[in-house]
Amino acid sequence: MSIQIPRGTQDILPGDSEKWQYVERVASEICRNFQYKEIRTPIFESSELFMRGVGDTTDIVQKEMYLFEDRGGRNLALRPEGTASIVRSYVENKMHGLANQPVKLYYTGPMFRYERPQAGRYRQFVQFGAEALGSEDPSIDAEVLSLAMSIYQKLGLKKLKLVINSLGDLESRAAHREALVNHFKTRIGEFCSDCQNRLEKNPLRILDCKKDRDHELMSTAPSIIDFLNEESKNYFEKVQQYLTSMGVDFIVDPTLVRGLDYYNHTAFEIMSNAEGFGAITTLCGGGRYNGLVKMMGGPETPGIGFAFSVERLLAALDAEGVELPIDQSIDCYLASLGDEAKDFTVKLLNDLRIEGISAEMDYLDRKIKAQFKSADRLKAKYVAVLGEDELAQNVINLKDMSSGEQQKISLESFVEHLKQKCQ
Ligand code: ATP
Ligand code: MG
């Protein structure tokens, strides 16, 4: 039997790969407008990085990591997400010492999680994310949210829901935590074993449990909103005020949580409202993580970021019926008749390409009619025909495929002529 692609992965073939390139280009351009710069980190890291940086009570670390030992006995992991690597790099490269603060970064690349594959859930998927490190100004929270929304909107998504919440500061969270433990502890036996472990380690994550979602204690659990101290409340209000002034629509949902200890203040998700968009509607997740840099061995540094997968973004575009404006056409197809003309065409084709004109020819010695068919399939804007007669007269016959107009151009001036037309 032939070897097949690993479960939960996919080949992105020509015809689709252009969509990926387009999405990545638009997202990068918007990051440039927002002044986020690209960072590229390794695809594998020391597995400890994620145990600490993502948190050892999370599903990612407990169940989903691709772990391996290299030939030198090092414990490594394929990265399951981007933030931990970026914080590592920030600390390692002493970015807190850079003149420009906050440090605003974006990344894109494959992530790996051992999950049960289904629509919108893969074992290798591509995330696009951004992080801002070094400012605790609520305007940065609003900026990061607007950045994520802008990318989606620029790509043509309309049916979006931005949901935000505040997890408060350390003091607010500690008070909420205590209330949560008291709320769940007498009946924790009715919950899944993960939740039983979470009770002491990280009770906030109980609220995020997919198995016990419908337990009656869930809907009556104490809400973080009631535990926000004055400062946290003001912070959250300021974020909302900025979002409103930017014209970014949002909904506040006090049940939205991000369960790690170093998450605080703003947490958010962007969902798709599109009809027929599968069971998984969350496109993007993010939040503020003021404790993370310190925990990873750097100086006390606030941070906030988000990540989305290109897979779910493309699925949302599909569900909304958005066609990306991808130009699949080529500038010129060179058709030739006869051996001599073909030899000349090989050189001419190369000249065109070097001058920045996208061009193609026939490599299979096909008849002229079949060459014209190829030109059609490739959506050539111009078709140039070189036969024995043309060669004898030192000209090439150029046809503008949109107007049908034909013109004889001298061979010497052909490249320059086409360059003018295709600019
Ligand atoms: P979920 O609840 O769907 O498992 P998550 O909380 O694990 O999501 P994050 O770690 O916050 O997701 O990752 C951010 C984004 O990355 C998600 O909102 C989603 O768009 C995308 N994502 C996460 N896991 C996958 C996956 N296995 N396949 C495709 N996209 C994914
Ligand atoms: Mg997950």
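This is a predicted model, so every value here is computed, not measured. Just so you know, ligand 1 is whichever comes first in the structure, and atom 1 is the first atom listed for that ligand. We use all heavy atoms of the structure for the numbers below, so side chains are in, but hydrogens, waters and symmetry mates are not.
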### Task
Just do the side-chain hydrogen bond (donor to acceptor under 3.5 Å, both in side chains) check on Y289 and E131 with the steps written out, would you?
CA-CA 10 Å; Y289 47 79; E131 319 281 352; 2.5 Å; yes
### Query
Can the ring centres of F308 and Y152 be said to be less than 6.0 Å apart?
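Yes, the ring centres sit under 6.0 Å apart.
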Would you check whether [X] reaches within less than 4.0 Å of ligand 1, judged by its heavy atoms?
{"X": "R123", "result": "no"}
{"X": "E81", "result": "no"}
{"X": "E311", "result": "no"}

What is the closest protein heavy atom to [atom], and at what distance does it sit?
{"atom": "atom 12 (O) of ligand 1", "answer": "R113 NH1, 3.8 Å"}
{"atom": "atom 28 (N) of ligand 1", "answer": "Y122 N, 3.0 Å"}
{"atom": "atom 6 (O) of ligand 1", "answer": "R258 NH2, 4.4 Å"}
{"atom": "atom 17 (C) of ligand 1", "answer": "R312 NH1, 4.0 Å"}

### Query
Has ligand 1 got any nitrogen or oxygen that is less than 3.5 angstrom from a nitrogen or oxygen of F125?
no
### Task
May I ask you to check whether over 12 heavy atoms, not counting those of D249, lie within 6.0 Å of atom CG?
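Counting neighbours around CG of D249, 12 or fewer heavy atoms of other residues, nucleotides or ligands fall under 6.0 Å, so no.
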Give the atom numbers and elements of ligand 1 that come within less than 4.0 Å of a heavy atom of [X].
{"X": "C284", "value": "18 (O)"}
{"X": "A307", "value": "14 (C), 15 (C)"}
{"X": "L283", "value": "18 (O), 19 (C), 20 (O)"}
{"X": "E115", "value": "24 (N), 25 (C), 26 (C), 27 (N)"}

### Task
Could you walk me through whether E143 and K104 pass salt bridge (charged side-chain N to carboxylate O under 4.0 Å, His left out), step by step?
CA-CA 11 Å; E143 170 179 299; K104 306 201 289 184; 2.9 Å; yes
### Task
Using the ring-ring contact (aromatic ring centres under 6.0 Å, His included) rule, pick out the option among F306, Y36, F128 that qualifies with Y106.
F128
### Query
Would you say the side-chain atoms of Q124 pair up with the backbone N or O of P110, donor to acceptor, closer than 3.5 Å?
no
### Task
Decide salt bridge (charged side-chain N to carboxylate O under 4.0 Å, His left out) for D208 and R198; before the verdict, give the C-alpha distance in whole Å, the side-chain angles of both, and the deciding distance to 0.1 Å.
CA-CA 11 Å; D208 212 9; R198 287 169 184 146; over 6 Å; no
### Message
Among G287, G120, G285, which one puts a heavy atom closest to atom 29 (C) of ligand 1?
### Response
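Answer by nearest heavy atom: G120.
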